[in-house]
Amino acid sequence: MVERRQNEQKSPIGWVMKISLALSGGAARGAFHLGVLEALEKNGFSIEAVSGTSIGAIIGTSYAAGVSPREQLEIFESKAFRKIFKLKGLRNGFFRIDQQQDILKKLIPISHIEKARIKLHITAVDLISGEIIRFNKGEAIPLCVASSAVLPLFEPLPYGAYYLADGGVMDNLPVAPLLEYSHPIIGVDLHPLFHGFTPSFISGIKRTLFLTWHASIQEHLKLCDFYITDPKLSTYALLSFKNFKEMFHLGYETTLELSKQGLKFAADSGKD
């Protein structure tokens, strides 16, 4: 059982631990996040604040808006969700995300992130200033789309004075916004380190993206109280619509096992 802290309160299942949650980017591997969320809920953890980038921003926003992990999984597996991706010219990216699709509004049913039921933070990168921008208010769907605009696959998004792209390029585990809260921080990483590389153009792009994301995570892990990932994640493709249920159950079972250990598991890169 997790050692009780000052912010812990009684609940019908005996106890509840208030936490903050940082969700990394990782495209289709985001189904792992959903399994983590489900397991945390069922084991007495109350998520008081969530910070996400890329797919972590989308899932975090959807959850903060009241959409359950299971409901999100159903949306991600639907044919309607695949239709939000539109092929475009090569000038600013291969694809764009159609923000007017009803399924996207079902996934993110709030107009502005400050209307979420829990504290919410979305991370993106401004290509004009080269700075990381962290939003705790603003339009929910445009900011989620911007935070997920992985270059060169997706076009960046103009937003106010910014020109936004995927936040994972510079901060793929956005812990910093959670430091203002007193709750323990759990970081969920979709990019466990793996060794091996088969030379090819596509493999080179994938490996470069992975190393960029992984490097941006290392320092931020030191700010986490707990760290959740699984080496098996590296076997799942980032851009495949298959295996969502497998990754959901992997996230669920990994978190369930760690919660039985009081989440006091070894994380060499984590907080001392």
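Here, residue 1 is the first one in the sequence, and each next residue gets the next number.
Checking side-chain atoms of Thr254 against main-chain N and O of Gly251 turns up no donor-acceptor pair under 3.5 Å. Using a distance-only test at 3.5 Å, with no hydrogens or angles considered, a donor-acceptor pair links the side chain of Thr61 to the main chain of Ala57. Side-chain atoms of Asp126 do not come within 3.5 Å of backbone N or O of Tyr162 as any donor-acceptor pair. Side-chain N or O atoms of Ser148 include one that pairs as donor or acceptor with a backbone N or O of Cys144 at under 3.5 Å. Between the side chain of Ser51 and the backbone N or O of Pro174 there is at least one donor-acceptor pair closer than 3.5 Å. With hydrogens and angles ignored, the 3.5 Å screen pairs no side-chain donor or acceptor of Ser54 with any backbone N or O of Gly56. Side-chain atoms of Thr53 never come within 3.5 Å of backbone atoms of Ser24 as a donor-acceptor pair (strictly under, hydrogens ignored). Here the side chain of Gln101 pairs no donor or acceptor atom with the backbone of Phe81 at under 3.5 angstrom. Checking side-chain atoms of Asn243 against main-chain N and O of Glu246 turns up no donor-acceptor pair under 3.5 Å.
Put simply, the side chain of Leu107 does not reach to within 4.5 Å of the side chain of Ile141, judged on heavy atoms. Annotation: side chain of Phe32 is in contact with side chain of Ile228 (closest heavy-atom distance under 4.5 Å). Within the 4.5 Å cutoff, no side-chain heavy atoms of Phe45 are placed close to those of Lys18. Within the 4.5 Å cutoff, side-chain heavy atoms of Cys224 are placed close to those of Val175. A heavy-atom distance below 4.5 Å is found between the side chains of Leu223 and Leu179. You'll find the side chain of Ser147 stays beyond 4.5 Å of the side chain of Phe135, heavy atoms only. At a threshold of 4.5 Å between non-hydrogen side-chain atoms, the residues Leu73 and Lys245 count as touching. Contact of the Ile55 side chain with the Arg29 side chain is not registered, since no non-hydrogen atoms from C-beta on lie closer than 4.5 Å.
Annotation: side-chain contact (heavy atoms from CB on, under 4.5 Å) contacts of Pro109 (sequence neighbours excluded): Ala65, Val67. With sequence neighbours left out, the side chain to side chain donor-acceptor pair (under 3.5 Å) criterion links Ser240 to no other residue.
Side chain to side chain, Tyr227 and Asp189 meet the donor-acceptor criterion of an N or O pair below 3.5 Å. Side-chain contact check for Thr123 and Asp171: no donor-acceptor pair (N or O, by modelled atom type) lies under 3.5 Å. Checking Glu48 against Ser46 by side-chain atom types alone, a donor-acceptor pair falls below 3.5 Å.
The two residues Glu114 and Gly138 come nearest to each other via the heavy atoms OE1-N, 2.8 Å. The nearest pair of heavy atoms linking Pro192 to Ser234 is CG-N, 4.1 Å.
Within the cation-pi definition used here (under 6.0 Å to the ring centroid, within 45° of the axis), Arg82 does not qualify as a partner of Phe76.
Going from atom CG of Leu34 over to atom OH of Tyr252 covers 13.5 Å, rounded to the nearest 0.5 Å. Distance check, rounded to the nearest 0.5 Å: CD1 of Ile103 to CD1 of Ile75 gives 5.0 Å. Annotation: the span from Lys105 atom NZ to Ile110 atom CD1 amounts to 14.5 Å, rounded to 0.5 Å. In this structure, the separation between CG on Leu164 and CG on Leu157 is 6.5 Å, given to the nearest 0.5 Å. The distance from atom CZ of Phe244 to atom OH of Tyr236, rounded to the nearest 0.5 Å, is 12.0 Å. For the atom pair NE2 (His121) and OG (Ser20), the distance works out to 8.0 Å, reported to the nearest 0.5 Å.
At most 12 non-hydrogen atoms from other residues, nucleotides or ligands lie less than 6.0 angstrom from CD of Glu74.
A salt bridge is absent between Glu71 and Lys106: the closest approach of a Lys/Arg side-chain nitrogen to an acidic carboxylate oxygen does not fall below 4.0 angstrom.
Of the residues His33, Gln72, Glu41, the one that meets the side chain to side chain donor-acceptor pair (under 3.5 Å) test with Tyr63 is Glu41.
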Next item on the list: Given side-chain contact (heavy atoms from CB on, under 4.5 Å), test Val188 with Leu21 step by step and report yes or no.
Entry: CA-CA 8 Å; Val188 188; Leu21 191 65; 3.8 Å; yes
Notebook entry, point to check: So Ile113 and Ile122, side-chain contact (heavy atoms from CB on, under 4.5 Å) or not? Walk me through it.
Noted result: CA-CA 9 Å; Ile113 61 178; Ile122 292 177; 3.7 Å; yes
